[in-house]
Protein chains: 2
Amino acid sequence: MIKEKYITYLQENGYKCTPQRTVLLSYFCQHKNKLISVNTMMNYLKKDNRHISLDTIYRNLSLFVAIGLLKSTTLNGKRLFSLKNNLDHQHMFICTECRTTKPLNFCPMGIVQSSLNDCSIKSHKFEVYGLCPSCSWCK
Amino acid sequence: MIKEKYITYLQENGYKCTPQRTVLLSYFCQHKNKLISVNTMMNYLKKDNRHISLDTIYRNLSLFVAIGLLKSTTLNGKRLFSLKNNLDHQHMFICTECRTTKPLNFCPMGIVQSSLNDCSIKSHKFEVYGLCPSCSWCK
DNA sequence: TTTGGTGCAAAATATTTGCATCGTG
DNA sequence: CACGATGCAAATATTTTGCACCAAA
């Protein structure tokens with residue numbers, strides 16, 4: 001999916017297309033398979049001489065997660081966001097060094113579902129952590 | 001495992017057995033299969049008229065996780081801790097309402113490992129979220 | 001023109017750290 | 001009695017909120 005699709009998706013769901021949202025989504029599109037923290041985002045904006053207030057970033061990233069454009073995870077107590085590659089969910093390998101991700105193409109839910117018949121399942125998380133090939137070399 | 005075993009484990013690994021650590025571990029032992037936040041812990045201590053400083057709680061819970069007595073996860077941006085039932089790892093179902101957990105007895109790593117041959121895998125997380133039977137009723 | 005979005009400032013929440021003191025082993 | 005552990009206070013980090021103003025549709 002390219003930036004325009006995300007913008008369209010926003011509008012189709014009743015949200016306005018603002019310059020701030022465009023900048024944020026562009027950044028994610030230029031960093032597919034990367035986990036981005038609010039801090040990383042701020043630093044990029046500073047370097048690029050743009051300015052979006054911190055609270056606007058928080059509000060929008062939360063919105064993007066809520067409507068399914070981004071997914072989020074937590075590493076060392078910090079929330080990290082990344083672009084959702086497609087509409088259905090996908091698990092990932094996460095390099096804890098450079099925060100690159102790699103899709104796993106396997107979901108364990110089918111296997112455990114039967115053992116949770118009495119529970120109402122809402123969501124799940126499966127993530128593998130380690131070092132990607134290039135970060136392995138440097139260590 | 002009962003409290004004494006955890007205490008022994010602490011000492012065997014060169015950590016002192018202090019009243020604070022005893023209180024903390026007791027609480028976790030009395031709340032097996034529950035996810036406990038630092039906040040929950042503080043509230044319990046207040047009610048029980050004990051006092052452990054916040055930083056001591058943080059320091060010790062982090063220590064317990066580091067040496068494998070507890071495991072931790074994140075829910076709504078808050079770190080939650082729970083007793084590790086046994087030495088080897090175990091995935092869980094988490095009731096997002098009452099924070100009760102239920103072991104899953106299945107680990108998906110065997111299945112995905114081969115697709116990550118070029119990565120150095122350090123750890124992984126697999127958690128299922130939803131409502132436990134009793135919380136389903138109340139909703 | 002209307003309603004949702006943004007920036008600012010401030011607050012709320014969460015976590016960490018330095019240092020003097022205490023107490024376990 | 002030595003050294004690790006604790007408490008306190010303060011710093012740091014993270015996230016949220018109220019409100020006036022702005023701008024996309």
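Proteins get letters first, then strands, A, B, ... in listed order; numbering begins at 1 in each.
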Quick one: how far along DNA chain D does chain A reach, first to last nucleotide 5' to 3', anything under 4.0 Å to a heavy atom? D/dT14 to D/dA25
Non-neighbouring partners of B/Lys102 that pass salt bridge (charged side-chain N to carboxylate O under 4.0 Å, His left out), sequence neighbours left out: A/Asp118
Give a yes or no on whether the backbone of [Y] and the side-chain of [X] come within a donor-acceptor separation of less than 3.5 Å.
X	Y	result
A/Arg50	A/Val23	no
A/Thr56	A/Ile52	no
A/Lys46	A/Met41	no

Quantify the bending of the helix from C/dT1-D/dA25 to C/dG25-D/dC1 as the angle between its end axes, each fitted on five pairs, to 10°. 50°
Would you compute the distance between atom [atom1] of [X] and atom [atom2] of [Y] and round it to the nearest 0.5 angstrom?
X	Y	atom1	atom2	result
A/Leu24	A/Leu69	CG	CG	11.5 Å
A/Ile7	A/Ser26	CD1	OG	6.5 Å
B/Leu35	B/Leu83	CG	CG	11.5 Å

Is the number of heavy atoms from other residues, nucleotides or ligands under 6.0 Å of B/Tyr15 OH greater than 12? no
Within the 4.0 Å limit for protein heavy atoms, which parts of nucleotides 18-25 of chain C are touched? Write it as a string from 5' to 3', B for base, S for sugar-phosphate only, - for none. B----BBS
State, to 0.1 Å, how close B/Leu131 and B/Cys95 come at their nearest heavy-atom pair, and which atoms those are. CA-SG, 3.9 Å
Looking only at non-hydrogen atoms, find the nearest pair between B/Thr40 and B/Ile36 and report the distance. CB-CG2, 4.0 Å
Could you tell me whether A/Ile52 contacts a base, only the sugar-phosphate backbone, or nothing, with contacts defined as non-hydrogen atoms closer than 4.0 Å? sugar-phosphate
Looking only at side-chain N and O atoms, does A/Gln20 offer a donor or acceptor that is under 3.5 Å from a partner on A/Asn60? no
DNA chain C-proximal residues of residues 36-46 of chain A, any heavy atom under 4.0 Å: none
If you look only at pairs with a residue in residues 52-79 of chain A, which of them pass as a salt bridge (charged side-chain N to carboxylate O under 4.0 Å, His left out), with sequence neighbours excluded? A/Asp55-A/Arg59
Would you sort out whether B/Tyr44 and B/Tyr27 count as a ring pair (Phe, Tyr, Trp, His ring centres under 6.0 Å), showing the intermediate values? CA-CA 9 Å; B/Tyr44 152 71; B/Tyr27 187 79; 4.3 Å; yes
What's the CG-P distance between B/Asn60 and C/dT16, to the nearest Å? 13 Å
